[in-house]
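Working notes, beginning with the structure itself.
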Amino acid sequence: MAEDKALTPRSENFSAWYNELVQRSELAGHTPVRGCMVIRPHGYAIWELMQSALDGMFKATGHQNAYFPLFIPESYLKKEAEHVEGFAPETAVVTIGGGKELEERLIIRPTSEAIIWPIMADWIQSYRDLPLLINQWANVVRWEMRTRPFLRTLEFLWQEGHTAHATAEEAEAEALLILDIYRKFMEEWMAMPPVVGVKAEWDKFAGALRTYALEALMQDNWALQAGTTHNLGQNFAKAFDVKYQTEAGEHEYIWSTSWGVSTRLLGALVMTHSDDQGLILPPKLAPLQAVIVPIYKSDGQKTNVLEASDRLKSKLEGTLRVKLDDRDTVSPGAKYYEWEGKGVPFRIEIGPKDLEKQQVTVVRRVTMDGEQRKFPLAENEVLTRLPELLDQMQSDLYEATLRRREENSYRGISDYDEFKRIVSTTGGFIYTGYCGREECETRVKDDTKATIRLIPDEAFRSESVPATCICGGKAQYEVVWARAY
RNA sequence: CGGGACGUGGCGCAGUCCGGUAGCGCACCUGAAUGGGGUUCAGGGGGUCGCCGGUUCGAAUCCGGCCGUCCCGACCA
């Protein structure tokens, strides 16, 4: 990495810290067009690990991958009224093709419902064709005013699931199934436990019956919507005439869902775990889980040390993702900084002193609970201990993040002054009673910049909820507030 | 689109007020010594100073216009 100055401290200017970090750690790159996305190999390697984990979970639950067109005829997008209203302001439109003005303008997909359903309609004839469980890995374009690396870019990579079901109950179950898959992925792979729930009526996906969301708390105590699943009811089926014949021979509209997570998760990962030294990656999503740094002076030492390093690398390969950094042109100290900055969970040093004692020195990227950062390990012990250490670090990160989330969650808040104080000082998730009126949220938003993130699912609900809304009215249900990206 | 700032090697900047033919740090290349927490020294390559026009013997610098970017608002995964 080798940079000229230290990162802006995370506590001082979180945004600057984040922007510098994604550049320095070679996740993102500069782009000639404002707000477009460049994912460098290091960032993409993380994305690939995310992809393969998610893809495995989708396939294990019967989903199949497919691919649909990038261009959506404008008339298609207009078929679902709420959908077009929601997305039209942020679409990019192609008006010329092959040098000629097009008869019909083409929308570059902001999401694919409007192109997928006209196509999949032909795939569905009978109840025997259902459920149809399709997923697409693709890029989409949403022309946002303000952009931020990974969190909000004009173009982003994502997966979008689109499913068709015979009954309302099945569609609802699908939306909840995927919600659960997302939650598990975020908890078990990203070590980022989100709060899960349903979006307010006016905040749901354009065209959806119901939108479920997963909200994660970043280190600056702002919330980030990390994923959503939608029960689309029969809205899109009716707009695109997607029907099937029942066992009884009648024609019925299908019930559909859609759901997605994007490269925004890369940003979430950085904002959840990293520090002033650089990236911190949970071992399961670290492209390199350990790097071996040989240390030597004389040629004789070099031969022995490199031989031992190479032997160790061969031993570890196949069990974990390991690299031997045998560059002769970079000093060991420089290597430490470089790999730490890139978030490699463990560094293994092998030098003359280690060889004497038949050991290697293992250094963990982050220390927690006073655990020592650096410790020697007998050479033949590494193969069995290192996977354990990786698991330990994975769960330590999860525990620390969960603890941070709970320490920054405020439940049972009913006093508006206290609410404002929390928002403007510490920030975090604020649980309150809520009257259910949109105007109430709008007023709080204008006042404090905090918004309703979601109505929490049972598992996240408070034991007791204030009887009064934060606006003073009668509370109908509980909501979670936060300032959000 | 409103308010503010800025455009100078790959990156970060100085120089602009007061015109004189472009400089610093990092990165890059070469060589030597180094090597258990960003090595050191020496040498080297790379820029029509955002664009167009004007003033001038002479413009990164002054004047006019245009373009672009970033930050603060409105919009959002």
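Below, chains carry the letters A, B, ... as their sequence lines are ordered, and counting in each starts from 1.
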Name the nucleic acid region contacted by [X], choosing base, sugar-phosphate or nothing; use a 4.0 angstrom heavy-atom cut-off, strictly under.
X        : answer
A:Gln225 : sugar-phosphate
A:Asp203 : nothing
A:Leu224 : nothing
A:Thr361 : base

Exercise. Can you find a donor-acceptor pair, distance only, under 3.5 Å between A:Arg327 side chain and B:rG35 base?
Worked result: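 No pair found.
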Problem set entry | Below 4.0 Å: OP1/OP2 of B:rG73 and any side-chain N or O of A:Lys449 |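 Answer yes for this pair, as a side-chain N or O of A:Lys449 is under 4.0 Å from OP1 or OP2.
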I'd like a table of atom pairs between the protein and nucleotides 39-44 of chain B - only N or O on both sides, under 3.5 Å - with the distance next to each one.
residue, atom, partner, partner atom, Å
B:rU39, OP1, A:Ser331, OG, 3.1
B:rU39, OP2, A:Ser331, OG, 2.4

Exercise. Mind checking what makes side-chain hydrogen bond (donor to acceptor under 3.5 Å, both in side chains) contact with A:Tyr44, not counting sequence neighbours?
Worked result: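 Once residues adjacent in sequence are excluded, A:Tyr44 has no partner under the side-chain hydrogen bond (donor to acceptor under 3.5 Å, both in side chains) criterion.
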Pairwise [atom1] distance for [N] and [M], with rounding to whole Å:
N      : M      : atom1 : answer
B:rG12 : B:rG20 : P     : 26 Å
B:rG10 : B:rC51 : P     : 13 Å
B:rC18 : B:rU61 : C1'   : 10 Å
B:rC6  : B:rG19 : C1'   : 22 Å

What's the closest nucleotide to the [X] side chain, out of [options]?
X        : options                : answer
A:Lys297 : B:rG35, B:rA74, B:rG37 : B:rG35
A:Glu144 : B:rG36, B:rG35, B:rC75 : B:rC75
A:Ile295 : B:rG36, B:rG37, B:rC1  : B:rG36

Exercise. What integer distance in Å separates A:Ile348:CD1 from B:rG36:C1'?
Worked result: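 In whole Å, B:rG36 C1' lies 16 Å from A:Ile348 CD1.
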Exercise. With centres under 5.5 Å and planes under 30° as the test, does A:Tyr336 stack with B:rG37?
Worked result: no
Problem set entry | With sequence neighbours excluded, residues passing side chain to side chain contact (heavy atoms under 4.5 Å, CB included) with A:Thr95 |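 Applying side chain to side chain contact (heavy atoms under 4.5 Å, CB included) to A:Thr95 gives A:Val93, A:Arg105.
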Exercise. If you write RNA chain B from 5' to 3' in dot-bracket form, with Watson-Crick or G-U pairs under 3.5 Å, [ ] for crossing pairs and | for pairs with another strand, what do you get?
Worked result: ((((((((.[[[[.)....(..]]]].((((((.....)))))).....[[[[[..)....]]]]])))))))....
Exercise. Considering the options A:His230, A:Glu172, A:Lys204, which one meets the side chain to side chain contact (heavy atoms under 4.5 Å, CB included) requirement together with A:Tyr212?
Worked result: A:Glu172
Exercise. Do any of residues 176-191 of chain A sit with a heavy atom less than 4.0 Å from RNA chain B, and if so which?
Worked result: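 Contacts with RNA chain B under 4.0 Å: none.
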Distance-only donor-acceptor hits, side chain of residues 80-89 of chain A, under 3.5 Å, sequence neighbours excluded:
residue, atom, partner, partner atom, Å
A:Glu80, OE1, A:Glu82, N, 3.2
A:Glu80, OE1, A:His83, N, 2.9
A:His83, ND1, A:Ala206, O, 3.1

